[in-house]
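Heads up, the thing below is written out as structure tokens.
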Number of protein chains: 2
Amino acid sequence: MNSSRPVTIKDIARRFRCSPSTVSRALNDHPAINEDTRKNIQEYAKEVGYQRNEVSLSLLNKKTASLGVVVPTISNYYETAVIEGLHTVLQPMGYTLNICVTNESYLLEKESLSKLLSNRTEGIFLSVSQETYDAGYYEHLESVIQRKTPLIFIDREYEDFETSRATVDDYHGAFAAVEHLITIGYKQIAHLKGPNGLTVSEQRFKGYVDCLKKYNMPVREELIINTNFNVESAIMPTKRLLDIDSPPDAIFGVNDQVAIGAMRVAKDKGLRIPQDIGLVGFDNSPISAYTYPSLTTVHRPGRKIGMEASRLFLNQLNGSEDFAPEHIVLPSELVIRESSLRI
Amino acid sequence: MNSSRPVTIKDIARRFRCSPSTVSRALNDHPAINEDTRKNIQEYAKEVGYQRNEVSLSLLNKKTASLGVVVPTISNYYETAVIEGLHTVLQPMGYTLNICVTNESYLLEKESLSKLLSNRTEGIFLSVSQETYDAGYYEHLESVIQRKTPLIFIDREYEDFETSRATVDDYHGAFAAVEHLITIGYKQIAHLKGPNGLTVSEQRFKGYVDCLKKYNMPVREELIINTNFNVESAIMPTKRLLDIDSPPDAIFGVNDQVAIGAMRVAKDKGLRIPQDIGLVGFDNSPISAYTYPSLTTVHRPGRKIGMEASRLFLNQLNGSEDFAPEHIVLPSELVIRESSLRI
DNA sequence: ATATTGAATGCAAACGTTTGAAAAAATTTC
DNA sequence: GAAATTTTTTCAAACGTTTGCATTCAATAT
């Protein structure tokens, strides 16, 4: 009544002048408990709003039913789609998701992992930060592995780790995008490349380069400029691209945001899309279907990645001693829209 | 070596033939511990990768350092911005965020809250689901209040609850948006209204209506159509709007997504923006600055809301017995861009 | 030599719950 | 009415850690 201290089993036991064991069993419908006792206790428990202390259970059973999700950011569509996918599968199973955002920082990533381990998280989904990736750090992962806490990589991967991973086939998606542009008849295809070093950037870049080579088209250094993953970062690079002597007649952006930034710059310059310049993005974010013109892009199944990653986790959890990690690669899919459909 | 069971203080104690107390004190740099003992124990602990079991500490201290965030969705820009704001303040303080997505369902919301309480979460940030709101349910909140677990409402509010809240001033934002359109000279301003019943929708709607009234402009029923918060949901309603006898010359969308959907439809119909039709959104999402034309919108400080909500939580946590809940209303701000700037 | 101090360590309880085994109480059987 | 059986309840330990108090042991003071 007065205090806010949660009601415990002991409190109830005192009230009924019985032992905590009896209360516990009554609440859990244990058959050995007298029907009346059970009913009384259950009623009383409901009345006073008893709620089991899961913390004590976690300690006892060494099961926390909580999972860590460590990602560089949650402000992009794709990342939230992945988290939604994880949620869809794992929330109904009773798991709680602890989301940690690293802001691409190694230190934050390290601390997050350490915290999650201390909290006895039962599994960790990790998309490594750029800093970690650049520097090639991996010691902070050792303790996770050593603890045998299931560790599932999402998208950004570490080649040398024997863990499960769920990634999207960025390479072939990029390849298909560029091939499409070539088929349509674009001759000078630029690429707004993501930050160097990240698998995502590099794979798409590789798809771009390999496709050009396949069609015996030159890979012009000056048509490749780095950006980040947001709209803003595409503005200056696109302006530069359009100002060079023999400017590109198509741009393949590392993601939709970047492509939309490029679209904006092109329009400001009075270029018609797709007649004067073709545009392709990557992600198939919801907005891409409704830009004007709508944006050709590569679908990246974020939700599915999240769901597959969940599956990988569950496999590992229920797996035998000699469990072998899986590497899922989901296909990406070219979505052709107006921004590249020059007749 | 063989097992994956985490090393405990007892393990270390056994190794050094001392008591767990000594190990605990050594690890915590307790002054009463012999220097050598301390060093040896600390070294060994590091060597075997000892990591304190926070679960047991949570039980002992009744502090879990975890907070619940219960939101209807995480696929909108605004929601993730809020979460980022919470993160920014609370992660450095050692708090872990448990994100629960309700998909606008009352049942999921109820279960999420119950779970969070069972896990002895120290505070809950809640943006109630549409279903909960529509039905006017509130019993599931009682137990949170009764437990005296700090409960902070975000955006969607319950008038009758004595809790802290952080909301954006939707009303005046909408008012300013419509006033701006009127000032520019638009005469027939339509509104793509969000789902009925939600504070967010209703407040913006009220701002729209009140502004029209202030300027003695008629409120035409047929110029008000419901949408959801995504692009897709704006397509049909906008088509309908543009097909009526005396169509609107401006549209105020409940958010940027909806406005962008409207923009797309208008363009498809060959209308020039802003000459033939003016457009205003709400949110100031990153993309809104880079649509073509760029979208006039109302800035909604999601990150700030998250940070303010954190502050409210901390206030309540450190507050005295007679703590009085606060209601923060952050101003929204009109951002004028091209889509409404008819000369 | 004995009392006094001080440093270093150990004991035991606590947090809330579950659970196998033992004990107690109630019921049945002869 | 006692023995056997069944039903119901309690005991005690466990999960991992911290911490006030007690204890041990050695060193110093008398």
Side-chain angles (χ1 to χ4, degrees), chain A residues 3-42 44-45 48-66 94 115 117-122 147, chain B residues 3-42 44-45 48-66 94 115 117-122 147:
Chain A
S3 162
S4 69
R5 187 177 62 80
V7 177
T8 74
I9 269 191
K10 286 184 185 176
D11 296 331
I12 301 180
R14 232 184 323 270
R15 159 74 174 66
F16 282 93
R17 288 202 183 75
C18 70
S19 74
S21 336
T22 303
V23 177
S24 170
R25 290 198 170 96
L27 293 174
N28 293 318
D29 289 327
H30 193 283
I33 295 296
N34 180 284
E35 184 63 16
D36 287 344
T37 317
R38 207 211 61 193
K39 227 163 53 193
N40 287 334
I41 291 182
Q42 287 193 354
Y44 180 75
V48 295
Y50 169 78
Q51 252 172 326
R52 189 157 81 184
N53 185 333
E54 295 288 346
V55 177
S56 74
L57 260 197
S58 293
L59 181 59
L60 185 61
N61 298 332
K62 302 172 182 230
K63 299 232 165 134
T64 55
S66 76
K115 188 117 188 287
L117 286 183
S118 281
N119 286 332
R120 298 301 187 260
T121 291
E122 292 181 41
R147 261 284 220 320
Chain B
S3 163
S4 67
R5 187 176 63 81
V7 177
T8 73
I9 268 192
K10 286 185 184 173
D11 296 331
I12 302 180
R14 234 186 321 271
R15 160 73 173 67
F16 282 93
R17 288 203 184 74
C18 69
S19 75
S21 338
T22 303
V23 177
S24 171
R25 290 195 173 97
L27 293 173
N28 292 319
D29 289 326
H30 193 284
I33 295 297
N34 181 285
E35 185 63 15
D36 287 343
T37 318
R38 208 212 59 192
K39 228 162 52 192
N40 286 335
I41 290 183
Q42 287 192 355
Y44 180 75
V48 296
Y50 169 79
Q51 249 171 328
R52 186 158 82 187
N53 185 333
E54 294 288 345
V55 177
S56 75
L57 261 197
S58 293
L59 181 59
L60 185 61
N61 298 333
K62 301 173 182 233
K63 297 231 165 133
T64 55
S66 76
K115 187 117 188 287
L117 286 183
S118 281
N119 287 332
R120 297 301 186 261
T121 291
E122 291 182 42
R147 261 286 216 321

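Per chain, numbering begins at 1; letters A, B, ... match sequence-line order. These figures come from a predicted structure and were not determined experimentally.
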Summarise protein proximity over nucleotides 15-21 of chain C in one line of letters, 5' to 3': B for base, S for sugar-phosphate only, - for none, counting protein heavy atoms closer than 4.0 Å. BBBBBBB
Can you name the nearest heavy-atom pair linking A:Thr64 to A:Arg120, along with the distance? OG1-O, 2.7 Å
Contact class for A:Arg17 (heavy atom, under 4.0 Å): base, sugar-phosphate, or nothing? sugar-phosphate
Starting at OG1 of A:Thr22, measure out to CD1 of A:Ile33 and round the result to the nearest 0.5 Å. 5.0 Å
Rounded off to whole Å, could you give me the CZ-to-C1' distance for the A:Arg38 and D:dT9 pair? 16 Å
Nearest heavy-atom contact between B:Val55 and A:Ser58 is CG1-CB, 3.7 Å
Whole angstrom is fine here: how far is it from CG in B:Asp36 over to C1' in C:dT9? 15 Å
NZ of B:Lys39 to CG of B:Asn34, rounded to nearest 0.5 Å, is 10.0 Å
To the nearest 0.5 Å, how far apart are CZ in A:Arg52 and CG in B:Asn119? 10.5 Å
Here the distance between atom C1' of D:dT10 and atom CZ of A:Phe16, to the nearest Å, is 17 Å
To 10°, what angle do the rotation axes through the five end pairs on each side of the helix from C:dA1-D:dT30 to C:dC30-D:dG1 form? 70°
Looking at every non-hydrogen atom in both residues, tell me the closest pair between A:Arg147 and B:Gly49 and how far apart they are. NH1-O, 4.3 Å
Among A:Ile12, A:Thr8, A:Asp11, which residue meets the side-chain contact (heavy atoms from CB on, under 4.5 Å) test with A:Val23? A:Ile12
Using a heavy-atom cut-off of under 4.0 Å over every strand shown, decide if B:Thr37 touches base, sugar-phosphate, or nothing. sugar-phosphate
What's the closest nucleotide to the side chain of B:Ala32 if the choices are D:dT10, C:dT9, D:dT9? C:dT9
Looking at every non-hydrogen atom in both residues, tell me the closest pair between B:Ala13 and B:Ser19 and how far apart they are. CB-C, 3.8 Å
In whole angstrom, what separates A:Ile33's CD1 from D:dT7's P? 13 Å
